[in-house]
Amino acid sequence: MSESFVFIDALLRRPVPRTPVWFMRQAGRYLPEYRRVRERAGSFMNLCTNPDLACEVTLQPLRRFRLDAAILFSDILTIPDAMGLGLSFAEGEGPRFARPVRSEADVDRLPPIDPEDDLGYVMAAVRLIRRELDGAVPLIGFSGSPWTLAVYMVEGGGSRDFRQVKTLLYDRPDLMRRLLDKLAVAVADYLNAQIAAGAQAVMLFDTWGGVLPAEDYRDFALAAARRVRERLRLGMGETRVPAILFTKGGGQWLEWQADAGFDALGLDWTCDIGQARRRVGEWVALQGNLDPVTLYADPDTIRGRVARVLESYGSGSGHVFNLGHGILPDVNPDHVTAMVEAVHELSPAFHR
């Protein structure tokens, strides 16, 4: 077993010498070197669509921290952008779509996506990153989930009450299913293209699944994620590409998620990872779940909190250490070092 691929082995619940660690948004604004590249790019979308710059910021955290995976630098909204909805980012306001999807005609107008043609800059970045990594650690590809993409597409951007998208779901469940079906095909094709380009694991970010009532989560958000999983070409054996599902706010539905066919489930910080393991740990690996705000605390406190997560999960494989959501933009990088080093130092005792 290669130490560099302890991440893949843990996702597939194979024996590992220690708990692997990476974290969501590990390439980002908390790093001064990222901010310099972002300034050079001129805009966030310029950074995402330039394979050379996307490769550079993907690799930056690996030069600072002893991480067990790289994750492609991109955005979850690449698919609706390629569908022609007019994506833009305003400083401090998040993403906006000039042409939201709110009617039957809007859904019908959404074109199919050819990932190599319409999102070729992503595939070019994947190939370049794989070449630059040179086998040091595996590369994670990702997409927003169909439901999360639908939220942004229908709302026209971020939302506090999700009024537009929930009203569409409640009034026209048939139309919402048609939208999610279209997006499930696009997401699966997009992830399969990333795998073909060199991604060694893939992750589906269902950022807004947790805003739904239970039955609607199961019947819409999770059902669409399941359709994505069914279309993924993950391979077998030594070349198997693990698939991770992360639903923020979805800890109450772990059994449903574990039945959807993914290799691992991401947990946010509101879950007790030990209880999660007792509920679904025989079916899937678990990823998480330190509260991102912990990284504002002093290094001794961070080390203690890392120990609590490791102790809660307990002995054996099937755990990938991560934050319960993305790293916050003004965290001190030295505190990230404290977290990563604590995982390296403390986790081997759980794998003897």
Side-chain angles (χ1 to χ4, degrees), residues 2-11 18 20-76 78 115 119-143 190-191 193-203 205 241-242 244 246 266 287 292 295 320-323 325-341 343-344:
S2 169
E3 177 74 353
S4 297
F5 293 94
V6 66
F7 167 72
I8 300 293
D9 288 328
L11 288 177
R18 59 176 177 80
V21 55
W22 71 282
F23 51 99
M24 291 178 278
R25 295 191 195 138
Q26 64 188 23
R29 289 177 290 170
Y30 73 104
L31 292 177
E33 56 265 42
Y34 169 90
R35 294 195 294 271
R36 289 192 290 270
V37 175
R38 167 67 174 79
E39 185 176 356
R40 191 163 87 238
S43 73
F44 177 72
M45 283 306 293
N46 285 346
L47 181 55
C48 288
T49 57
N50 183 312
D52 291 321
L53 297 183
C55 176
E56 168 60 20
V57 296
T58 297
L59 299 178
Q60 285 174 347
L62 301 173
R63 298 177 187 135
R64 277 187 179 257
F65 315 117
R66 290 199 293 162
L67 298 168
D68 293 296
I71 183 166
L72 166 71
F73 182 84
S74 188
D75 190 75
I76 64 170
T78 50
L119 293 165
Y121 63 89
V122 176
M123 307 315 146
V126 171
R127 295 184 183 100
L128 181 57
I129 295 163
R130 272 297 305 273
R131 186 165 68 246
E132 293 298 315
L133 285 172
D134 194 27
V137 296
L139 174 63
I140 306 166
F142 73 91
S143 174
Y190 181 48
L191 290 176
Q194 291 182 41
I195 292 167
Q200 293 149 293
V202 290
M203 185 162 171
F205 283 89
V241 175
I244 309 162
F246 173 67
Q287 180 174 274
L295 295 182
V320 172
F321 197 97
N322 207 308
L323 300 175
H325 200 238
I327 190 169
L328 296 164
D330 55 350
V331 160
N332 183 339
D334 291 341
H335 290 200
V336 178
T337 299
M339 178 192 73
V340 173
E341 292 306 309
V343 177
H344 276 269

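- Residue pairs meeting the salt bridge (charged side-chain N to carboxylate O under 4.0 Å, His left out) criterion with at least one member in residues 41-57, sequence neighbours excluded: E56-R63.
- Rounding to the nearest 0.5 angstrom, the gap separating the CZ atom in R29 from the CZ atom in F44 is 9.0 Å.
- Looking at residues two or more places apart in sequence or on another chain, you find a salt bridge (Lys or Arg N to Asp or Glu O under 4.0 Å) between E33 and R64.
- Among all heavy-atom pairs drawn from L128 and P51, the shortest one is CD2-O, 3.7 Å.
- For the atom pair Q287 CD and I244 CD1, the distance stands at 4.5 Å (nearest 0.5 Å).
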(request) Given side chain to side chain contact (heavy atoms under 4.5 Å, CB included), test N50 with N46 step by step and report yes or no. (result) CA-CA 6 Å; N50 183 312; N46 285 346; over 6 Å; no
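- To the nearest 0.5 Å, the span separating CG on N322 from CD1 on I71 amounts to 8.5 Å.
- In terms of heavy atoms, A201 sits closest to L11 at CB-CD1, 4.4 Å.
- Taking the six-membered ring where tryptophan is involved, the planes of F7 and W22 are perpendicular, since the angle between them exceeds 60° and thus also 30°.
- For the pair I327 and P292, the minimum side-chain heavy-atom distance is 4.5 Å or more.
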(request) Test side chain to side chain contact (heavy atoms under 4.5 Å, CB included) on F23 and R25 and set out the steps. (result) CA-CA 6 Å; F23 51 99; R25 295 191 195 138; over 6 Å; no
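- Contact between A69 and L62 at its shortest, heavy atoms only, is O-CD2, 3.7 Å.
- Put simply, CG on L31 and CZ on R36 are 9.5 Å apart, with the number rounded to the nearest 0.5 Å.
- The shortest distance between side-chain heavy atoms of L59 and L133 falls below 4.5 Å.
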(request) Give the intermediate values and the outcome of side chain to side chain contact (heavy atoms under 4.5 Å, CB included) for residues F65 and T337. (result) CA-CA 6 Å; F65 315 117; T337 299; 3.3 Å; yes
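- Each of F73, Y34, Y30 was compared with P61 under the side chain to side chain contact (heavy atoms under 4.5 Å, CB included) criterion, and only Y30 meets it.
- To the nearest 0.5 angstrom, M24 atom CE is 10.0 Å from I140 atom CD1.
- Considering all non-hydrogen atoms of both residues, Q200 and P242 come closest at O-CD, 3.3 Å.
- The shortest heavy-atom contact between A70 and V137 is N-CG2, 3.8 Å.
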(request) Applying side chain to side chain contact (heavy atoms under 4.5 Å, CB included), run through N332 and L295 and close with a yes or a no. (result) CA-CA 8 Å; N332 183 339; L295 295 182; over 6 Å; no
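- Ring centroid separation for the pair F246 and F142 does not come in under the 6.0 Å cut-off.
- A donor-acceptor contact shorter than 3.5 Å is absent between the side chain of Q194 and the backbone of A199.
- A search for salt bridge (Lys or Arg N to Asp or Glu O under 4.0 Å) contacts involving R66 returns E341, not counting sequence neighbours.
- Scanning both residues, M339 and L323, for their nearest heavy atoms gives SD-CD2, 3.7 Å.
- In summary, of the residues considered (L119, I195, V202), a side chain to side chain contact (heavy atoms under 4.5 Å, CB included) with Y190 occurs for L119 alone.
- When each of D75, V57, V122 is checked for a side chain to side chain contact (heavy atoms under 4.5 Å, CB included) with C48, only D75 meets the rule.
- Annotation: the span from D9 atom CG to D68 atom CG amounts to 10.5 Å, rounded to 0.5 Å.
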